[in-house]
Amino acid sequence: MLLFLAKGLFRDRSRSLFPLLTCAIGVALVVLMDSYLRGATDAMFNATASFVCGHVRVATRAFEKAGTDATNELALLGVDSVMAELKRDFPDVAWSPRTRFGGLIDVPDSAGNTRVQSPVAGLAVDLSETSPELKTLRLEKSLASGRLPSRPGEILLSDDFARRLGVKLGDKVTLVSSTMNGSIATWNFALSGTVRFGILAMDRGAMIADIKDIQQALDMPDAADQVLGFLPRGQYDDRLASRLAAKYNSVHPDEDKYAPQMETMRWASGLGAMFDIMGAASALIAFIFVTAMAVVLWNAGLMGSLRRYGEIGVRLAIGESKHAVYRSLLAEALLVGLIGSTIGTLVGLALSYYLQEVGLNISGMMPNATMVIDDVLRARIAPTSMVIGFLPGLLATFFGAAISGLGVYKRQTAMLAKELGS
Amino acid sequence: MKNGGGVEDSVVVSTDKLVRTFRVGRSELVALKDVSLEFHRGEFAGLVGPSGSGKTTLLNIIGTLDTPTSGTATVLGERVEKLSPGQAAALRSRQIGFIFQTFNLLPVYSAYENVEFPLLLLGLSSAERRKKVTDALEWVGLADRAKSKPTQLSGGESQRVAIARAVVKRPELVLADEPTANLDAENSHKILQTMVGLNRDLGTTFIFSTHDEKVIRYLRRKISLVDGKVANDEARSPNTD
Ligand SMILES: Nc1ncnc2c1ncn2[C@@H]1O[C@H](COP(=O)(O)OP(=O)(O)OP(=O)(O)O)[C@@H](O)[C@H]1O
Ligand SMILES: [Mg+2]
C-alpha cells in the first residue's frame with residue numbers, strides 16, 4: 001500500500017514536485033538567511049572585539065567601572081606578569097596588551113616650529129613580528145601606504161588623517177599627551193605607514209604605535225590599559241567567555257580597585273542588548289518564515305485536496321476508511337516534507353558554506369560606504385543551521401496537510417455517488 | 001445461476017419499508033417511500049425509472065454509502081442503518097463493488113494498478129494480487145492494456161477497467177449506477193456482455209440503475225421506480241442478441 005501511494009505521489013508532479021520545491025526553496029532560504037545573519041553578526045561583533053574590547057579583557061576594576069571615561073591613571077600595572085599568568089592559565093586564548101591614549105599630534109615645519117596640530121586617538125598595541133595583533137587588526141590588509149612599524153619610534157596614522165596633516169612617510173611628528181601621573185608627555189615618532197580600516201572611528205584621526213614605545217612615552221613602564229583575549233575559533237562565544245572570566249576572577253578577588261578583573265565582550269562592549277536582539281531577530285525571521293510557509297503549504301494542500309476530490313471520493317466509495325485516507329495524506333506530506341526539507345537544508349548549507357569559505361565581495365556595490373566593517377559578505381554555519389530550516393519545513397508541510405486533509409472527514413459518503421456520477 | 005446456500009443464505013439484500021427523505025430548505029423531499037425489496041444471490045437486476053425517481057438514492061443505501069430515514073436495509077447480513085462509518089467502509093471494501101457512470105479511475109495509476117487498489121485495501125499478498133488482477137483484466141478482455149494509463153484508454157475500455165476493479169475482489173454484490181450513460185451503443189453492449197459473463201461465471205449479484213433501453217434488454221429482473229415507490233417488479237428473460 002505504501003509503495004502504491006508512493007507511486008501515485010511521484011507520478012503526480014503537482015502533488016510531489018510543486019510542494020517539494022516550495023518546501024525546499026523555503027527551507028534553503030531560511031538556512032541561508034540564518035547563517036548570513038550569523039555571519040553579519042559575527043562581522044559586527046568581530047570588529048568590536050578587534051578594535052574595542054577583545055572577546056574577553058583584563059583590566060583594573062576601576063578602569064572597567066569608569067567605562068568610556070577611563071584614563072591611563074587606571075591602567076593595569078605589572079602587565080608582563082599578568083600576561084604570563086594568562087598565557088599559562090588560558091593557553092588557547094590569544095592575549096595581547098593594549099593602551100588607548102588621547103593627545104595632540106604636532107607636525108613641525110622645517111624650522112622645527114609647529115606647522116599644524118590636531119587631536120589624535122591613539123592605540124598602542126604589540127607590533128612585534130609575532131604579535132597576534134597583526135592579524136586581529138588586519139594591519140597588513142589595511143595598510144594604505146608605507147609599511148608596518150619595525151623600528152622603535154615608528155607609527156601608523158589613518159590615511160586621511162595623514163593627508164590632512166600633510167604628513168608624508170618618514171616625516172617626524174610629536175605626540176603631546178599626559179603620563180600616567182598626569183604630567184605632560186611629549187615624544188617624537190616617525191611615520192612608517194598609513195592605514196585605512198573602513199571603520200569611521202579608526203579612519204578619522206587614529207594613531208597606532210607599538211606599546212613599548214607608548215610605555216616609554218607616557219611613562220607607564222610595564223603598564224597597559226587592558227589585556228585583550230581572543231578566543232580560539234576567532235568567534236565570540238558567550239558561554240566560553242563567561243567561563244573563562246569566572247575562572248580568572250575566582251583567583252583574583254576584589255582586593256582593591258587596581259586589582260585585575262576579566263570581563264566578557266558582552267559586558268565590556270555594552271553590546272549585551274545587541275546580542276539578544278540578534279538572537280531574537282533570527283528567531284523572528286524563522287517564525288515569519290514558518291508562518292508564511294505554513295500558509296503557502298496549507299494552500300497547496302487545500303488546492304491538492306480539491307484537485308484530488310474525485311480520487312479521494314473513489315477511494316472512500318471503494319471502501320478505504322476516512323482514517324486510512326487521512327493517514328495516507330499525512331504520510332505523503334511527511335515524505336514530501338522530509339525530502340523537501342532535506343534538499344532545502346543541503347542547498348542552504350551549500351550556499352552558506354560558499355559564503356562562509358569564499359564570501360561575496362560587495363565592495364563594488366558601495367564604493368563610498370564608510371561604515372563597511374568588511375566588504376565581503378560572509379555567513380557562518382552553526383549546528384542550528386541543520387534544524388532551523390528543516391524542522392519548520394517539515395512541520396509546515398505536515399501540518400498544512402494535516403489541517404487541509406481534515407476535509408476528508410467532512411465528506412459525506414451519501415454524496416459520493418452523485419459526485420462521482422457527473 | 002444460483003450458487004448453493006440455503007434460502008435465507010441466498011438473500012443478499014433486503015429492504016423493508018425503506019424511507020429516505022431529504023431536507024430541502026424548509027420542506028421535506030421524499031426520495032424513497034416504503035421500498036420493500038429482496039435481492040438474491042446471483043441476480044442481474046435493474047432499477048429503472050425517470051430522473052429523480054430515487055434510483056441512485058436506493059443504490060446509495062444498499063451500498064452503505066447512505067442510511068435510511070426509516071425502515072431497514074439489510075445488506076449481506078448487516079443492518080445498514082446500524083453500521084458505523086468504519087464498519088460500512090470495511091463492508092464495502094470486502095463485499096461490494098461499485099461501477100460509476102463516469103468511470104472514476106485513479107488518474108496517475110495504470111489499468112493494472114487501478115484494479116489492484118481494492119486488493120491493497122484488503123491487504124492481500126503481492127502474489128495473490130498479481131493472480132487476481134491478471135484474471136480480472138482477462139475477464140474484461142484488457143489483459144494487453146494492463147500498463148495503460150486512464151488517459152490512454154477509450155471510454156469503453158475505461159469502464160471495463162472499472163468493472164475489473166469492481167469484481168477483482170470477488171464481491172458478493174456489484175452496484176452500477178448508470179454504467180453505460182457515457183458510452184456509445186457498441187461499448188454499452190460490450191460492457192453489458194462482460195457483466196453478464198461475470199454474473200454467470202462468478203455468481204456475483206449485479207444491481208443497476210438505468211434508463212437505458214440497451215441495458216434493460218439484458219436484465220433478468222426489472223424494478224420500476226416512480227416517485228420513490230416501487231411501481232412494478234418483474235422477472236424477465238433477457239434478450240441479448
Ligand atoms: N442529497 C440530497 N439532498 C436533497 N435532495 C436529494 C439528495 N439526493 C437526492 N435528492 C433528491 O431525491 C430525489 C431522488 O434522487 P435520485 O438521485 O435518487 O434520482 P435518480 O432516480 O437517480 O435520478 P437520475 O436518473 O437523474 O440519476 C430527487 O428528487 C433528488 O433531487
Ligand atoms: Mg441517479
Side-chain angles (χ1 to χ4, degrees), chain A residues 1-20 303-329 331-333 335-336 405-422, chain B residues 20 22 55-67 84-110 113-114 116-124 126 129 149 162 165-166 168-169 171 175-179 181-182 209:
Chain A
M1 192 71 192
L2 277 180
L3 184 68
F4 186 84
L5 291 171
K7 272 191 220 160
L9 183 58
F10 288 107
R11 285 181 203 164
D12 187 355
R13 295 223 181 132
S14 58
R15 186 144 49 112
S16 48
L17 200 63
F18 171 62
L20 200 116
M303 285 185 331
S305 43
L306 271 186
R307 232 175 38 79
R308 298 174 66 187
Y309 202 75
E311 176 209 324
I312 289 171
V314 180
R315 285 166 60 176
L316 291 174
I318 288 180
E320 192 168 1
S321 71
K322 288 182 174 180
H323 296 306
V325 172
Y326 186 61
R327 270 200 305 273
S328 78
L329 293 178
E332 283 183 14
L335 195 65
V336 166
L406 286 175
V408 168
Y409 290 101
K410 300 210 191 85
R411 288 293 283 274
Q412 286 180 316
T413 50
M415 300 304 289
L416 285 178
K418 280 227 158 46
E419 289 161 4
L420 298 173
S422 47
Chain B
R20 179 64 166 108
F22 292 106
K55 304 184 292 292
T56 297
T57 306
L58 182 54
L59 280 186
N60 258 344
I61 293 173
I62 294 173
T64 75
L65 293 171
D66 197 6
T67 47
S84 71
Q87 289 168 327
L91 183 64
R92 289 199 296 279
S93 168
R94 279 196 307 271
Q95 298 292 8
I96 305 175
F98 284 93
I99 298 167
F100 306 100
Q101 176 179 333
T102 53
F103 332 123
N104 283 300
L105 299 180
L106 302 177
V108 292
Y109 295 100
S110 67
E113 288 160 343
N114 264 281
E116 186 184 21
F117 180 70
L119 303 181
L120 287 164
L121 287 185
L122 293 174
L124 264 53
S126 70
R129 293 200 306 266
K149 295 281 161 61
R165 180 176 66 183
V168 68
K169 62 195 175 195
L175 303 175
D177 195 3
E178 313 210 19
N182 281 12
S209 90

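Only heavy atoms go into these numbers, but all of them, side chains included; no hydrogens, no water, no symmetry mates. In the text below, chain A, chain B and the rest are named by the order of the sequence lines, each starting its count at 1.
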Largest heavy-atom contact set with chain A, pairs under 4.5 Å, which of B:I61, B:L121, B:L122, B:D66:
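Option with the greatest count: B:L121.
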Would you mind checking which part of A:R15 comes under 4.5 Å of any heavy atom in chain B, side chain (CB onward), backbone (N, CA, C, O), both or neither?
side chain
Answer with side chain, backbone, both or neither: which region of [X] has an atom nearer than 4.5 Å to a non-hydrogen atom of chain A?
X: B:F98; value: side chain
X: B:R165; value: side chain
X: B:S110; value: backbone

Taking atom CZ of A:R307 as the centre, report whether more than 12 heavy atoms of other residues, nucleotides or ligands fall under 6.0 Å from it.
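Yes.
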Assess whether atom CD of A:Q412 is packed by more than 12 heavy atoms of other residues, nucleotides or ligands within 6.0 Å.
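No, CD of A:Q412 has 12 or fewer neighbouring heavy atoms, counting only those of other groups under 6.0 Å.
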Okay, side chain of A:R11, backbone of B:P107: is any donor-acceptor separation there less than 3.5 Å?
no
Does any N or O in the side chain of B:Y109 come within less than 3.5 Å of the main-chain N or O of A:K7, such that one atom is a donor and the other an acceptor?
no
Name the member of A:S321, A:G8, A:A324 that forms the most heavy-atom pairs with chain B at distances under 4.5 Å.
A:G8
All side-chain contact (heavy atoms from CB on, under 4.5 Å) counterparts of A:L406, not counting sequence neighbours
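So A:L406 forms a side-chain contact (heavy atoms from CB on, under 4.5 Å) with A:Y326, A:Y409.
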Can you name the nearest heavy-atom pair linking [X] to [Y], along with the distance?
X: B:L65; Y: A:A317; answer: CD2-CA, 4.2 Å
X: A:G319; Y: B:S93; answer: O-CB, 3.5 Å
X: B:R92; Y: A:T413; answer: NH2-CG2, 4.1 Å

Could you measure the distance from the [atom1] atom of [X] to the [atom2] atom of [Y]? Nearest 0.5 Å is fine.
X: B:L106; Y: A:D12; atom1: CG; atom2: CG; answer: 11.0 Å
X: B:D177; Y: A:L416; atom1: CG; atom2: CG; answer: 12.0 Å
X: A:M415; Y: B:N60; atom1: CE; atom2: CG; answer: 9.0 Å

